[in-house]
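Report on the following structure.
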Amino acid sequence: MSTQLQMNNLTNLISVLVQKKKIIFFTIGIFIIIGIGTFFKMKTPPSYSAQCSTLVLFNNINNDKGVVIQNNFGLDKKENILPLRLYPQIAQSIPFLVQLIDSNSITDSTLLRSEELENIIQLKSHFNISVDEANQTVFIEANMPTPIEAARLALKIQQTLCNYLINWYSKQQELAIVLLQNNINEVLEKIIQKQQELQKLNFTKAKKQHSVSTPDLIRLETEYQTLITLNTTLTKQLQQKKLTQQNLSTYITTIDPVIIPNSPTNSPRSIIFYIAVFGLLGILVSLYIVIIHPIINSWSNKND
C-alpha cells in the first residue's frame, strides 16, 4: 500500500512538472541569461606576476670605523640610516611613482594633472614591496596583464629603488664629507695654535727670560699630540667616506633576478561555471514556484 502511494505521488509530481514545463524552462532560461551577463560583467583579464629580490647592505657602511676619539667637536659616528621598513612607503610615494611613469608630460611631482595622478594611483595597485629586516632583503612583486609587462615593471621598480637609495646615501655621504672637512680645518687651526704656543714657550725657555713651568710644557705637548692624532683619524675617515661614496652601488646586490612568468597567477572562472551555477538556481526557483509554493498555499488554506 505504501509503495503504491509513493508511486502515485511520483506520478503526480511528474505530471505536474510536465504540465508546468514552460514555466520551468522559462525560469531556468532567465537565470542562465543572468549567469552569462554576470560572466561578462565580472570577467577579469589574466594577471601575470613577476618577482625579484635585492640584498641591501647600506646598514653595514659604518660597521668598521676604527676607534672613536672623544673630542670637543661632538663628532657622532652614527650615520643617518634609512630603515628597510620605510622602503614600501617610499615605493608608494608620489615622487617615486612619477619616476616609474613613462610620460614626458610628468616633470614635477608637485605639479600633476588629474589624468597623471589617476595613472599614478592605478600604478600603485600593480606592485607590492615587502622587506625582511633581519636579512636586509627587499622583495618586489609586479602584476600586469602580460608576462613581458610584469617583468618590465618589476625590473624598473628594482632599478628605480636602487637608484633612489644610492642617491639618498650619496647625499648623506656628501654632507658627512663636508662636516668632516670642516672638523679637520678646525683641528688644523688648533694644531697651528698649539705649535705657536709651543714655539713661544720653547723660545722663552731657551732665552731663560722666565722660568717655564714643566707641567705647562707637558700639557701643551700632550694637547698638540692629541690634535695630531685626531687630525690623522679624521683624515682617514674622510678618505673612507669618499671611497664609500664612490662605491655605493656595491652595497646593493640582486639575489633573485626578474624572470618572465609563464602562466597567469589568477584563474578566472569560465562561462560554463556561471551557466551551471545560475542554471541550478533556476531549477531550484522553478521547483519552488511549481511544487513547493502550491503546497504551502494548500496547507495555509486548510489551516484557515
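Index from 1, following the sequence. FYI, side chains are in, hydrogens and waters are out, and symmetry mates aren't considered; it's all heavy atoms of this structure.
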With sequence neighbours excluded, residues passing side-chain contact (heavy atoms from CB on, under 4.5 Å) with Q159: L155

Counterpart residues, side-chain contact (heavy atoms from CB on, under 4.5 Å), relative to S93 (two or more places apart): P95, F96

N163: partners by side chain to side chain donor-acceptor pair (under 3.5 Å), with sequence neighbours left out: none

Connected hydrophobic set around I259, excluding itself, where side chains approach under 4.5 Å: none

Salt bridge flag under 4.0 Å for residues R219 and E223: yes

Under the side chain to side chain donor-acceptor pair (under 3.5 Å) test, residues paired with Q239 that sit two or more places apart: none

Residue pairs, two or more places apart or on separate chains, that pass ring pair (Phe, Tyr, Trp, His ring centres under 6.0 Å) and touch residues 178-199: none

Shared hydrophobic cluster, F139 / I255 (ILVMFWY, side-chain heavy atoms < 4.5 Å): no

E174: side-chain contact (heavy atoms from CB on, under 4.5 Å) partners, not counting sequence neighbours: S170, Q245

Counting only pairs under 3.5 Å, give me each side-chain donor-acceptor contact of residues 142-154, with atom names and distances, residues two or more places apart or in other chains.
residue	atom	partner	partner atom	Å
N143	OD1	S49	OG	3.4
T146	OG1	E149	N	3.3
T146	OG1	E149	OE1	3.1

Contacts of type side chain to side chain donor-acceptor pair (under 3.5 Å), residue N185, not counting sequence neighbours: Q181

Under 3.5 Å side-chain donor-acceptor pair for S53 and D256: yes

Partner residues of N167 under the side chain to side chain donor-acceptor pair (under 3.5 Å) criterion, sequence neighbours left out: none

Trace of the side chain to side chain contact (heavy atoms under 4.5 Å, CB included) decision for L55 with L57: CA-CA 6 Å; L55 183 66; L57 300 175; 3.9 Å; yes

Qualifying residue, where the test is side chain to side chain contact (heavy atoms under 4.5 Å, CB included) with I157 and the options are L100, L97, L123: L100

Distance-only side-chain donor-acceptor flag, T244 / Q173, under 3.5 Å: no

Side-chain touch P88/V131, heavy atoms, less than 4.5 angstrom: yes

Under the side-chain contact (heavy atoms from CB on, under 4.5 Å) test, residues paired with I30 that sit two or more places apart: F26, I34

Ring pair (Phe, Tyr, Trp, His ring centres under 6.0 Å) pairs, two or more places apart, involving residues 240-264: F58-Y251

Whether over 12 other heavy atoms sit under 6.0 Å from N247 CG: yes

